[in-house]
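One structure is given here, and the rest of the page talks about it.
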Amino acid sequence: MARSRWETVTVDGDPVPASAAVRVRFAPSPTGIFHVGGARTALFNWLFARHHGGAMVLRIEDTDVERNREEWTAGIVDALRWLDLDWDEGPYHQSERSQLYTEATEKLFADGRAYYCECTREAREERTRANPTPGYDGYCRDRGLTPGEGRALRFRTPDEGSTTVVDVIRGAPVFEHATVEDFVILRSNGTPIFLLAVVVDDMDMGITHVIRGEEHLPNTVKTLLLWDALGGGAPPVFAHVPVLVNQARQKLSKRRDKVALEQYREQGYLPEAMRNYLALLGWAPPDGREVVGLDEMVAAFRLEAVNSSPAFFDERKLLHFNAEYIRALSAAEFVGASGPFLEHGPWAPGDFDFAAFDALAPLVQERVRTLAEVPAMVEFLFLPEPRIDEKAWEKRVVRGPRAKEILAAALDEYASCPWTAAALHEVTAAIGERHELGLAKAQFPVRVAVTGRDVGPPLFESLEVLGREPTTERLGRALERLEA
Ligand code: GLU
C-alpha cells in the first residue's frame with residue numbers, strides 16, 4: 001500500500017517534516033518501577049526534540065487500571081525531573097481521554113472498518129485450532145452484528161497488500177496484511193485496547209516522530225492500519241530504539257538485573273553521569289568521545305545514527321562514568337551533592353561537623369565512585385570511636401609487620417609533634433624507617449587504629465582534621481586491645 005507521509009526534508013541527517021515543527025512524545029505506562037530502558041527512550045526523545053527545536057509531550061498511558069498505580073506515575077515524573085529532561089506539554093493521562101477513544105471506535109464501526117464479534121474464546125479456539133495461520137478466523141466479519149453485551153469490536157484488516165514501516169533506525173520493514181488478524185480494538189467490557197489509544201493520541205497530539213522501544217515494532221503495522229482507517233493523514237516517522245541487554249546478552253529484566261533508575265539514584269549516581277551513560281546505549285557521538293556534556297549531546301544527536309543492535313547496559317562502565325563525573329564537580333557542588341547521603345550516616349545527628357567534612361571533602365571526592373560511598377569514608381570523624389573493620393584489623397594490626405611498635409611510637413611522637421599533615425607525614429615516615437618499613441606499610445596500623453578501615457582519604461590530612469586528642473586516644477585504645 002502506498003503511504004502518504006509528511007513532506008520531509010533532511011535536517012542534520014534526520015528526516016523532519018518540511019512544514020511542521022518536530023513533535024515527539026514520551027509515553028510510559030505506569031505499571032512498575034521506572035526502568036533504565038524507559039529513561040533511555042525518554043532521553044532520546046528529548047535529545048531529538050531539543051536538537052530540532054521541537055516539542056516533547058509527556059503522556060501517561062494509564063489505561064490498564066489493574067496494573068497502574070499513582071506512585072509509579074509519580075516515580076516517572078520524579079525521575080525525569082532528576083535527569084533534568086523537561087517536557088513542553090503534559091503530563092496528559094490517557095485515563096482522562098477515554099471519550100476520544102470511544103469516538104474513534106464508533107467512527108471505525110460506522111465506516112465499516114470494524115465489526116462486532118461475539119465469539120467466545122472457547123468457540124474461537126475450537127474453530128481455529130487446526131488452521132495453518134494462527135489468530136482470529138473472521139467468523140463474525142460479515143454477520144452484521146450490532147453493539148451488545150459480550151461483544152468485542154474487531155478491526156477489519158485488509159486481506160491483501162502490505163504495510164511498510166518507515167523506521168529511521170531499522171530501514172523499512174514490510175508487514176504482509178495476510179499475517180495480521182482482525183484484532184480487537186474494543187474489548188467486550190467496553191475498554192479500548194492500548195494500541196488504539198496510542199494511535200488516537202498520536203494523531204490528536206500531532207506527533208511527527210514516534211521514538212520508542214523495539215518491542216513495539218511488531219505492532220506498528222496495526223498502528224499504521226488504524227492510522228489510515230481513522231483518516232489520520234501522514235503518519236509519524238518511527239524510530240524503534242534497541243533493547244538493553246546484560247553482560248550475558250539477555251534482555252534486562254527486573255528480576256535479574258538492576259534496572260530501577262531509582263536504585264541508581266539512591267546509590268549515589270549523579271544525574272549527569274546517568275544521562276551521559278544512557279545516551280551511549282545505542283548512540284555514539286561522532287568524534288568517538290564518550291564523556292559529553294548535555295549541550296554537546298543535543299548538538300550532536302542524530303536519530304539516524306542510532307544503532308539497531310542490542311545495547312549492553314554495563315554497570316561497571318556506568319560506575320566508572322559516575323566516578324569521573326564526581327571528580328569533575330566543584331568542591332562546593334560535591335559537598336552539596338553529598339548532603340542527602342550524609343543525613344543517613346551512622347553518627348549521632350548532632351555530631352556531624354560541617355567544617356570537618358568540608359576540610360576533607362576534596363580528598364574524598366577523588367576517591368569515591370558513588371555518593372553513597374561518602375559516609376563510610378568520613379564516619380571516623382564523627383563517631384566517638386571508629387567502627388573497626390575486623391578483617392583490616394586482623395591483617396594490618398594483628399598480623400601487620402611491626403604494627404605494635406609503630407602504634408607505640410606514633411602514640412609517643414604524635415603527642416608533641418606539630419599537628420599538620422606535613423609534620424605527621426614526616427614523623428610517620430621516620431618511624432617507618434626506624435623499623436625498616438616504607439611509608440605505605442607504616443601507615444596501615446595507624447590508619448586502622450584511627451579510622452577503623454584500611455582504605456579512605458589520605459591519612460595525614462585525615463588525622464589533621466580529626467585532631468590530636470582523638471587521634472592519640474584511639475592509638476592508645478588500639479594498643480590496649482592488642483595487648484589484651
Ligand atoms: N506505553 C508504552 C510503554 O510504556 C509505550 C508505547 C509507545 O511508545 O507507543 O511501553
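Counting from 1, the numbers follow the sequence of the chain as shown. This is a predicted model, so every value here is computed, not measured. Each ligand, and each atom within it, is numbered from 1 in the order the structure gives.
- For ligand 1, residues of the protein lying within 4.0 angstrom by heavy-atom distance are R25, A27, P28, S29, E61, F194, V198, R212, H216.
- Evaluation of the side-chain contact (heavy atoms from CB on, under 4.5 Å) rule for E106 yields T102 as partners, not counting sequence neighbours.
- Salt-bridge check for R50 with D86: passed, with a basic side-chain N closer than 4.0 Å to an acidic carboxylate O.
- For W283 and F301, the ring centers are positioned less than 6.0 Å apart.
- Aromatic ring centres of F357 and F382: separated by at least 6.0 Å.
- Taking T370 as the reference, Y269, L319, N322, A372, E373 meet the side-chain contact (heavy atoms from CB on, under 4.5 Å) condition, with sequence neighbours excluded.
- Listed by first then second residue, pairs satisfying ring pair (Phe, Tyr, Trp, His ring centres under 6.0 Å) with a partner in residues 114-146 read F109-Y116, not counting sequence neighbours.
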